[in-house]
Novice: 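One structure, as C-alpha cells, below. Some questions next.
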Protein chains: 2
Amino acid sequence: MSKQPVSVLTSRPDEEPAEQSSGAALACCAPLAARARSTEQAAAVAPLFKALGDPVRLRLMSMIASSAKACVCDLTDAFDVSGPTISHHLKVLREAGLVDCERRGTWVYYWVRPQALESLGTLLGAAGGAAG
Amino acid sequence: MSKQPVSVLTSRPDEEPAEQSSGAALACCAPLAARARSTEQAAAVAPLFKALGDPVRLRLMSMIASSAKACVCDLTDAFDVSGPTISHHLKVLREAGLVDCERRGTWVYYWVRPQALESLGTLLGAAGGAAG
DNA sequence: CGTCTATCTTGACATCTGTCGAAACAGTCG
DNA sequence: CGACTGTTTCGACAGATGTCAAGATAGACG
C-alpha cells in the first residue's frame, strides 16, 4: 500500500516545469521562481501550522470541529485557563482563517472553515504526484 | 477531491469507550479520562504543528522531503539566514521527531521520518473515527 | 600532526507568545 | 432604565522563540 507520501513535504520545488539542469542558468530562472514560490507558499501556510501549534488551540479546534457550532462558554468550561485566554486563542484561530464565528444573542458560536483544513490536509498528505 | 472531514478536528473526546479508567482516584471516570486523553493527545501533537509553524522550517521540511537525503550545506544555501540558524531549525525539527540525520564524513544528511508526517496527515484528514 | 571545511553549540538580544486581572462592550431580562 | 451574563479588549509580565556572532567539534586531507 502506498503510504501517504506527504506533500508539502513533497512539493518538490524543483519539479515544476522543465526543471532541473535544463540550463546552466539555473540560478536565475525557473528554479529561482520555483524557489520563490515555495518560499511564498511556506510563508502562507506556516501561520496555519503555527496556529495549530498550541495545545489549547489544537484542542479548541478539535472541539469546534466536533460540533457543528460551538459556544464559547462550552469551550471555556473545558479548559483550565481563563476566559480572556480562550478568547485570545480563538482570535488567533480566527485570524489564521481556521474558524469563523457569529453572535447569536448573548452567545457567540464558532465553527471550522473547511477550506483551511483542506489546505493543510492537501499539503500534508493528499497531493498525488509526489511519492517519494 | 478530498472532502474528508478532518479529524483531529473531529476526534471527539467524548466518543471514547469506557476505556478502562482503572485509576481509582479519578474524580469522575470516563469523561475525565477521555478529556485527559484528548488533552494529552493535543499536547503530544501540538509540537509537531508548532515545529512546522515557521516558514523556514516548513521549507526545510519541504526540501528534505523532496530529496531522499538532504545535505545541510544545500539547505543552508537555499536560505538567507545564517548557518547556525539553519542548524537550530533542523534541531527543532529533529526534536519534534519530524526528521532524522546521519553524518557521512564531512557532511550531515537529513531525511524525513514518515511516521510523524503520517501522524499529522491522519490527524488532519484521514482517521476515520476516533483514533485508533 | 596541523590545517581546512562543514556543522553544531553557546551566549546574547530583540521580539513574540501565553496568561492573567481589570475593564469595556453586547445582549437579555426584570 | 438598570442589573446581570457572556465575550472581547487592554495592559502587564514571565517565559519562549528566531536570529546572529563567536567559539567548539568532527572528519578530510596533506
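Below, read A as the first sequence line, B as the second, and so on, with proteins coming before strands; counting in each chain starts at 1. Given the structure is predicted, the values throughout are model-derived calculations rather than measurements. Side chains included, hydrogens not; waters and symmetry mates left out as well; all remaining heavy atoms used.
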Novice: OP1 or OP2 of C:dT17 less than 4.0 angstrom from a side-chain nitrogen or oxygen of A:Arg57, does that happen here?
Specialist: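 No.
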Novice: Please give, in whole Å, the distance from D:dT7 C1' to A:Arg104 CZ?
Specialist: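 Distance, rounded to whole Å: 17 Å.
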Novice: Specify the separation, in whole Å, of atom CG of A:Leu93 and atom P of D:dT7.
Specialist: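 Atom CG in A:Leu93 sits about 16 Å away from atom P in D:dT7.
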Novice: For the residue pair B:Arg94 / B:Tyr110, report whether a side-chain donor-acceptor contact shorter than 3.5 Å exists.
Specialist: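 Note: B:Tyr110 and B:Arg94 side chains meet the donor-acceptor criterion.
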Novice: Please tell me which of A:Pro84 and A:Thr106 maps to the more 5' nucleotide of DNA chain D, matching each residue to the nucleotide holding its nearest heavy atom.
Specialist: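 Result: A:Thr106.
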Novice: Looking at A:His88, does any N or O in its side chain come under 4.0 Å of the phosphate oxygens OP1/OP2 on D:dC10?
Specialist: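 Checking D:dC10 against A:His88, no side-chain N or O comes under 4.0 Å of OP1 or OP2.
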Novice: Hey, does B:Gly83 reach any base, or is it just sugar-phosphate, or nothing, if we go heavy atoms under 4.0 Å?
Specialist: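 Answer is nothing: B:Gly83 stays at 4.0 Å or more from every strand.
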Novice: Which nucleotide sits closest to the side chain of B:Arg103: C:dA6, C:dG18, C:dG21?
Specialist: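 The closest nucleotide is C:dA6.
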Novice: Scan residues 80-91 of chain B for pairs that pass salt bridge (charged side-chain N to carboxylate O under 4.0 Å, His left out), counting only residues two or more places apart or in two chains.
Specialist: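 Applying salt bridge (charged side-chain N to carboxylate O under 4.0 Å, His left out) to every pair that reaches into residues 80-91 of chain B, excluding sequence neighbours, yields nothing.
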Novice: Decide whether A:Arg59 and B:Thr39 meet the rule of one side-chain donor and one side-chain acceptor closer than 3.5 Å.
Specialist: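 Yes, B:Thr39 and A:Arg59 have a side-chain donor paired with an acceptor closer than 3.5 Å.
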Novice: Is any side-chain heavy atom of A:Leu98 less than 4.5 Å from a side-chain heavy atom of A:Val112?
Specialist: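 A side-chain contact under 4.5 Å is absent here.
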Novice: Rounded to the nearest angstrom, tell me the gap between atom CG in A:Leu90 and atom C1' in D:dG6.
Specialist: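 Spelled out: CG on A:Leu90 to C1' on D:dG6 is 13 Å.
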Novice: B:Lys50 has an atom NZ; how far is it from atom P of C:dC16, in whole Å?
Specialist: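 My rounded result for the distance is 16 Å.
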Novice: Find the distance B:Lys91:NZ to C:dT7:C1' and express it as a whole number of Å.
Specialist: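 Nearest whole value for this atom pair: 13 Å.
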Novice: Is it true that atom CH2 of B:Trp107 has more than 12 heavy atoms of other residues, nucleotides or ligands lying nearer than 6.0 Å?
Specialist: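 Result for CH2/B:Trp107: open.
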Novice: Between D:dT19, C:dT7, D:dT8, which nucleotide has the shortest distance from any of its atoms to the side chain of B:Val81?
Specialist: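 So the nucleotide nearest the side chain must be D:dT19.
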Novice: Rounded to the nearest Å, what distance is computed from the CZ atom of residue A:Arg59 to the C1' atom of nucleotide C:dG18?
Specialist: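 In whole Å, C:dG18 C1' and A:Arg59 CZ are 16 Å from each other.
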Novice: Starting from the 5' end of DNA chain C, give me the residue, B:Ile86 or A:Val92, whose nearest nucleotide shows up first.
Specialist: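 Nearest nucleotide further toward 5': that of B:Ile86.
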Novice: Report the nucleotide, chosen from D:dG18, C:dT7, C:dG18, that has the shortest atom-to-atom distance to any side-chain atom of A:His89.
Specialist: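 That would be C:dG18.
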Novice: When you check the phosphate oxygens OP1 and OP2 of C:dC20, does a side-chain N or O of A:Thr85 lie under 4.0 Å from one of them?
Specialist: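 Checking C:dC20 against A:Thr85, a side-chain N or O does come within under 4.0 Å of OP1 or OP2.
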Novice: Between atom CG in A:Asp77 and atom C1' in D:dG6, what is the gap in whole Å?
Specialist: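 Interatomic distance, CG of A:Asp77 to C1' of D:dG6: 11 Å.
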Novice: Expressed in angstrom and rounded to an integer, what is the separation of B:Phe79 atom CZ from D:dT19 atom P?
Specialist: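 So the two atoms are 10 Å apart, to the nearest Å.
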Novice: Would you mind telling me which of D:dT8, D:dT19, D:dT7 lies closest to the side-chain atoms of A:Tyr110?
Specialist: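 The listed nucleotide nearest to A:Tyr110's side chain is D:dT8.
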Novice: Just N and O in the side chain of A:Ser87: are any of them under 4.0 Å from OP1 or OP2 of D:dT8?
Specialist: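 Affirmative; the distance criterion is met.
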Novice: Between D:dC20, C:dT7, D:dT7, spot the one nearest the side chain of B:Val72, thanks.
Specialist: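 Looking only at heavy atoms from C-beta outward on B:Val72, the closest nucleotide is C:dT7.
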